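Data first, discussion second: the structure below is written as structure tokens.
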Amino acid sequence: MFRKYLNKTICAALCCAGAMLHAADAPAPYGPVPTKQQVDWLRLEWYAFVHFGLNTYTDREWGYGDESPQLFNPSDFDAEAIVTTFKGAGMNGMIYTAKHHDGFCTWPTASTEHNITKSPWKKGKGDVVKAFAKACKKHHFRFGTYLSPWDRNCAEYGRPGYLDVYYKQIEELLTNYGPIFEIWFDGAMGGDGYYGGARQNRNIGKADDYYNYTQVVKNIRKLQPDCIIWGAAGRGDVTWAGSEKGFAKNYPLWNAQGDKWISLEADTPINHRGWFWHPGQSGNVKTPEHLMEVYLSSVGRGANLILNLAPNRDGRLDPADVASLEAFGNMRRKLMAKDYALKAKATASEVRGGDARFDGSQLTDGDIESYWCPNDGTTTPSVELTLKKPATFDVVRVREQIRLGQRVEAFRVEAWVDGAWKTIVEEGQPGENETRFEGVRGGKGHTIGNQVLRWIAEPVTTDKVRLTITRAKACPCISEFSLLLMPQAEDAAHVAGEEGDKALSSKGWKYKGFASDKARLAFDGKADTMWEHGKTPSHFVVDMGKTHKVSGFSYLPRQDGKTVGMTNRYRFELSEDGKNWTQVAEGEFGNLRANPVEQFISFPAKKARYVRFFSTQALDGSGSSVAEMKIFTPGKK
């Protein structure tokens, strides 16, 4: 009996020893790796941006700093309704613009008098930041905040004294409102402004030198260690993905060769009119299909997406924006609902140490933390998946285990079709083309990183697919491989709200003023032609031939990648007889350098036959230009 027990014990020990001999160590991290906070943040994928402040009431994107707090008075603001709308669409948090460039603080700050206590809303007792933070906490929704470094109101801006103001504002936001999952600093570095009545142009040089972001980051880490820091002159955790259209242009991860992991975030407003709400914007909302392209071009390229929805002057989200958001949210949910590769049989060309913990089944087990990995030194392995039954799909998703670093430089996906392997995601090629945006259909299989989503040109039906890593810096660690089918988008047009203003036809119009022979190019419907004059200020006059009610205009800056002579400030006048003129709009086209998109300006409708547009200041250098302009008349209400 004892001998039988002894033999069993010896056998068990030998089996354990054999297992230990075959067990493989996990690969060592390669290159920069994300912090736990960055990994948690990347798992969020998308969340809301909320621009709501004095610009909401002035029809501006960038306030000058001299706007009265008395303007801010929403009659029906409901933070909880906004938060539940975001959560219902599938978003995972929101970031609110507590202070934009105009310097108006929407919380009762002790740092400046230019704050919400001077507004009539709630008799000066209101706090928008608190309302959003409270609603987020109630609905288990992450809350973040945007705090503009540039302050066009503060008299101390551009001087050392402003840092006391700014650091105080950061401290208040990170101390009084609970957990902040992300704080957002944009790159605005000064310019003209009110500055306490000085009305000067103040430039600060290098942002890092003036704001001392090294100290800013230390302050934030002390107050809220888990808070993700956007921007901060590259000293934070996240940086801009390179486009305010929501596309991750800075792809692959821009500093993957450096010593610090920096994640990417793409941002875009859901409405073409801008970041803040503007009158008549309902007809300009981006469609659910457009939003899906944005999602695949940001989240699908390893970045996170922050999608802006702006409350109106009542404090409510625009119905058209909400309709499109909800339709896109449903479309995204349906896309992710069925993974045809889940539990597929996986056969890998190599498994690290023969250890089942690293075999191909880890790709299809539904666990983002497990991963397939070959031995050290193997950089071009492959894995073949056999599905339970043939499936039709047109979206491929692949993830690396980023806790171990970003390793893959190029890959290929093939499907078994008509008795042969057919490439459905092409192999990436070395060179600068790897960083060029190529759209969401097809595309190159470059780096993987956090994840890639490739929408292939045509649906494929098969029961076998193959993933091949064709170039990597170290042995690949692939955590997920999914096959998805893009659903049809829901129609959001039936709740698109009021019909917006309509553009007048330019047929038969005549032009006068500077470079009048080129003025027609601003109304030819072609973005690659433009009215251009070598001096600033400059202007042109449009004779529309007959009288119309004019309620606004749009301006598209030059689209050739240049900013010299790009109109930055403007004046817009109307006349019925061409002799007596009334100014109806004057201001600044904000954020053109980062986002040279069509700008919309509206005003109370006025009868006019003649329009006079003044380019009063250029963004860079001298000169004046307009790529495209539209003149609007009121639409049906």
Side-chain angles (χ1 to χ4, degrees), residues 42-49 85-94 241-249 251 264-273 283-309 317-341 391-399 413 424-425 437-445 448 450-460 480 482-496 597:
L42 281 166
R43 300 286 192 257
L44 300 178
E45 292 195 358
W46 72 305
Y47 32 88
F49 222 166
T85 295
F86 295 156
K87 188 170 184 178
M91 290 175 149
N92 294 306
M94 63 161 286
S243 167
E244 290 192 359
K245 295 181 179 180
F247 302 134
K249 293 173 63 178
Y251 175 84
L264 298 177
E265 184 182 77
D267 58 340
T268 196
I270 198 171
N271 201 289
H272 289 288
R273 290 293 297 267
N284 292 280
V285 64
K286 295 171 183 175
T287 65
E289 295 91 341
H290 184 117
L291 296 177
M292 179 57 75
E293 291 189 357
V294 167
Y295 180 82
L296 294 178
S297 303
S298 53
V299 175
R301 295 169 75 85
N304 275 11
L305 171 64
I306 180 168
L307 180 65
N308 185 77
L309 283 88
L317 295 177
D318 189 286
D321 291 356
V322 171
S324 187
L325 173 69
E326 291 177 343
F328 165 68
N330 289 334
M331 188 180 182
R332 177 185 170 275
R333 264 190 289 264
K334 291 177 182 178
L335 172 66
M336 299 299 177
K338 178 68 173 177
D339 179 1
Y340 294 99
T392 300
F393 60 89
D394 56 5
V395 176
V396 175
R397 180 174 66 184
V398 190
R399 293 180 185 266
V413 178
I424 56 176
V425 175
F437 173 65
E438 296 170 347
V440 297
R441 292 280 191 172
K444 301 293 185 180
I448 296 175
N450 177 52
Q451 70 173 309
V452 293
L453 284 158
R454 292 285 183 267
W455 190 3
I456 57 182
E458 297 291 338
V460 173
E480 278 193 330
S482 301
L483 301 173
L484 312 168
L485 181 63
M486 184 65 69
Q488 292 292 318
E490 297 179 5
D491 182 16
H494 64 287
V495 284
V597 298

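Model, not experiment: these values are computed from the prediction.
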*asked:* What I'd like to find out is whether the side chain of Thr268 reaches to under 4.5 Å of the side chain of Leu307, using heavy atoms alone.
replied: yes

*Can you name the closest pair of heavy atoms from Leu305 and Ser298 and give their distance?*
CB-OG, 3.6 Å

_Is any side-chain heavy atom of Pro269 closer than 4.5 Å to one of Lys286?_
yes

*Which pairs count as salt bridge (Lys or Arg N to Asp or Glu O under 4.0 Å) when at least one residue sits in residues 324-334, sequence neighbours excluded?*
Glu45-Arg332, Lys334-Glu490

*asked:* If I compare all heavy atoms of Gly246 with all of Ala266, which pair ends up nearest, and what's the gap?
replied: O-CB, 3.4 Å

*Are Leu484 and Asp339 side-chain neighbours, meaning at least one heavy-atom pair lies under 4.5 Å?*
yes

*Close side-chain approach of Leu325 to Met91, heavy-atom, < 4.5 Å*: yes

*Between Tyr47 and Gly93, which heavy-atom pair has the shortest distance, and what is it?*
CB-O, 3.1 Å

*Which atoms form the tightest heavy-atom contact between Ala341 and Ser482, and what is the distance?*
CB-CA, 4.2 Å

*For the atom pair CD (Glu265) and CD1 (Ile306), what is the distance rounded to the nearest 0.5 Å?*
4.5 Å

*Please identify each residue that fulfils side chain to side chain donor-acceptor pair (under 3.5 Å) with Asn271, with sequence neighbours left out.*
Asp321

*Do Leu483 and Val395 come close enough that some side-chain heavy atom pair is under 4.5 Å?*
no

*So, do Met486 and Leu296 sit near enough that their side-chain heavy atoms are less than 4.5 Å apart?*
yes

*Residue pair Ala391 / Tyr340: nearest heavy atoms and the distance that separates them*: CB-CD2, 3.5 Å

*Considering non-hydrogen atoms only, spot the tightest contact between Thr392 and Pro459 and give its length.*
CG2-CB, 3.9 Å

_Could you work out, with side chain to side chain contact (heavy atoms under 4.5 Å, CB included) as the rule, every residue matching Asn92, not counting sequence neighbours?_
Leu44, Trp46, Arg142

*Any chance you could measure Met336, atom CE, to Leu485, atom CG, to the nearest 0.5 Å?*
12.5 Å

*Between Val285 and Asp318, is any pair of side-chain heavy atoms under 4.5 Å apart?*
no

*Could you go through the side-chain contact (heavy atoms from CB on, under 4.5 Å) check for Arg43 and Asn450 one step at a time?*
CA-CA 9 Å; Arg43 300 286 192 257; Asn450 177 52; 3.8 Å; yes

*Rounded to the nearest 0.5 Å, what separation is found between the CZ atom of Arg397 and the CG atom of Leu335?*
8.0 Å

*Report the residues that fulfil side chain to side chain donor-acceptor pair (under 3.5 Å) with Glu480, sequence neighbours left out, ordered by chain and then residue number.*
Arg399

*Taking only residues two or more places apart in sequence or in another chain, which ones pass side chain to side chain contact (heavy atoms under 4.5 Å, CB included) with Val597?*
Lys245, Asn595, Gln599

*Contact check, side chains of Asp394 and Val460, non-hydrogen atoms, under 4.5 Å*: no

*Can you tell me how far CE of Met331 sits from OH of Tyr295, rounded to the nearest 0.5 angstrom?*
12.0 Å

*Euclidean distance, Arg454 CZ relative to Ile424 CD1, rounded to 0.5 Å*: 12.0 Å

